[in-house]
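Heads up: the structure comes next, in structure tokens.
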Protein chains: 2
Amino acid sequence: MSSSAMQLTTEGVCITYLNKQLFVLLQIHNQKPFKGKWGLPMLEVKSIHTIEKTLRLLAKSYPSLSLSAPVFAGLYSDPARHPKSRVVAATYMFFSSPDALEKSQPDHAWHPIDKLPSSLIMDHKQIIKKSKQFLQSLTNHAPLLYLMPERFTLSELQLCMETLFDVTLDKRNFRKKIISSGWINPTRQRQQNVAHKAATYYTLNKKKAKESSI
Amino acid sequence: MSSSAMQLTTEGVCITYLNKQLFVLLQIHNQKPFKGKWGLPMLEVKSIHTIEKTLRLLAKSYPSLSLSAPVFAGLYSDPARHPKSRVVAATYMFFSSPDALEKSQPDHAWHPIDKLPSSLIMDHKQIIKKSKQFLQSLTNHAPLLYLMPERFTLSELQLCMETLFDVTLDKRNFRKKIISSGWINPTRQRQQNVAHKAATYYTLNKKKAKESSI
DNA sequence: ACAAAAGTGTTATTTGTACACCCATGC
DNA sequence: GCATGGGTGTACAAATAACACTTTTGT
């Protein structure tokens, strides 16, 4: 029956991708003891809320980013992670189109995951590192489609996969597989003003995405 | 900075298997408000401990069961799950050899997962149901090897897989695959006094198991 | 005409699936 | 000698991997 003071938070690792780089959304926190410092977006799980509800609230703070559904990425419970109190983090990843890079919110910014500010609050540097590993370990590659812009070419998608999973893929085999997977649909639009044959744009198959819920 | 009273617990779903049945370890709780009722083993995450440490403590309560490493299986945070206070559960599965069925601890018993006591505390019935689904969804079947006794025949292992994943497998193909996986080793022991050709006993390849850490 | 990326098909290899009979043992 | 489960090999299908050239477009 002992109930020592403990706080549970959801801490979100929002990820997007552009030009062979992953970006993570950071926030300048404005409450003690982290006032003015960079960290991941986080929200306390209130006593009347579930974790799922809290995640919905967290995502709602960023309506313009069209975040994916949350994907559980780990628990962080080191008693020393917060300097003042006991805070256990349930971390979740959210995926977002790079369009989000241009949508700015007050006190927020996207940072390249390999060039983070020198100090982040608590263990957020660690959480981001682990989240990247987690992402690379995903055997279901579907979430990566959420890192693509609204419309994208097959080469762009292939480059994204190659970057994140640190592999090189055969163009023909890659195309056969992704097209036959049903996750993407061709459009009738093609690149314009490129000094080579114009590539067809594809889009996420939203029907399939809805069914599969990542 | 609000710190409403919240408790974090690890709640363990210890599983074993015998004769086409899964068993889960239940405990008669002896503290209010659950005095005398069946539920999963659980341990509060103390303010000085991490979740991992708490899991080690939980496993240490059952030294005779040779539990596997814990496998994260879900968070349960419904504010109403505990009648008196806010308790969020981090649930983990532990796998155990059926030898454990004979090792009795005070106030504990193994129950067939499909014939649980009519009422379990909190949402434990739900957690067990979800854990079973989680187990079935594991694409890495290796944890199931921890449900086998010290030595087992290939037919026993096949039957276990068939039961849990609710499939039927071809004997020859199953054998080829499991043997070539390197997860098990044949012994020179064979069944005795059976009214048919004696089967070879196999054991878990502990070297491989250690490397793979489930 | 040339540079740059798009787009495409075939073959070989590997992996998975289907399938049926003989073997050893206790009764 | 028969009932019981143990143990094995081969042929086919499917999935994956390797591989090179032609097309389109801007400069």
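Residue numbering restarts at 1 for every chain, and letters A, B, ... go by the order of the sequence lines. What's counted below: heavy atoms across the whole structure, side chains too, no hydrogens, waters or symmetry copies. Everything quoted here is computed from the prediction, not taken from an experiment.
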T200(A) side-chain N/O to dA6(C) phosphate OP1/OP2 under 4.0 Å: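 Answer no for this pair, as no side-chain N or O of T200(A) is under 4.0 Å from OP1 or OP2.
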When you measure from the side-chain N and O atoms of S155(A) to the phosphate of dA5(C), is any distance below 4.0 Å, counting only OP1 and OP2? no
If I take atom [atom1] in residue [X] and atom [atom2] in nucleotide [N], what distance separates them, rounded to the nearest angstrom?
{"X": "Y201(A)", "N": "dA6(C)", "atom1": "OH", "atom2": "P", "result": "11 Å"}
{"X": "K177(B)", "N": "dA18(C)", "atom1": "NZ", "atom2": "C1'", "result": "15 Å"}
{"X": "R175(A)", "N": "dG9(C)", "atom1": "CZ", "atom2": "C1'", "result": "14 Å"}
{"X": "Q191(B)", "N": "dA24(C)", "atom1": "CD", "atom2": "C1'", "result": "12 Å"}
{"X": "L159(B)", "N": "dG5(D)", "atom1": "CG", "atom2": "P", "result": "11 Å"}
{"X": "L157(A)", "N": "dA5(C)", "atom1": "CG", "atom2": "C1'", "result": "16 Å"}
{"X": "F174(A)", "N": "dG7(C)", "atom1": "CZ", "atom2": "P", "result": "12 Å"}
{"X": "Q189(B)", "N": "dG6(D)", "atom1": "CD", "atom2": "C1'", "result": "17 Å"}

Is the Y62(A) ring parallel, tilted or perpendicular to the H108(A) ring (thresholds 30°, 60°)?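 Ring orientation, 0 to 90° scale: perpendicular.
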Would you call the rings of F165(A) and H141(A) parallel, tilted or perpendicular, taking 30° and 60° as the class edges?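 The rings of F165(A) and H141(A) lie parallel, inter-plane angle below 30°.
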R175(B): what forms a salt bridge (Lys or Arg N to Asp or Glu O under 4.0 Å) with it, not counting sequence neighbours?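 In terms of salt bridge (Lys or Arg N to Asp or Glu O under 4.0 Å), with neighbours along the sequence ignored, R175(B) is linked to no residue.
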Its contact letters, B for base, S for sugar-phosphate only and - for none at protein heavy atoms under 4.0 Å, make nucleotides 18-27 of chain D read BBB--BBBS-
Please check if any side-chain donor atom of Q189(A) sits under 3.5 Å from a side-chain acceptor atom of T187(A), or the reverse.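 No, because no side-chain N or O of Q189(A) sits under 3.5 Å from a partner of the opposite role on T187(A).
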Crowding at CG, N140(B) (>12 non-hydrogen neighbours, <6.0 Å):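 It does: N140(B) CG has more than 12 such atoms within range.
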Side chains of R81(B) and V87(B) in contact at under 4.5 Å (non-hydrogen atoms):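 Sidechains of V87(B) and R81(B): in contact.
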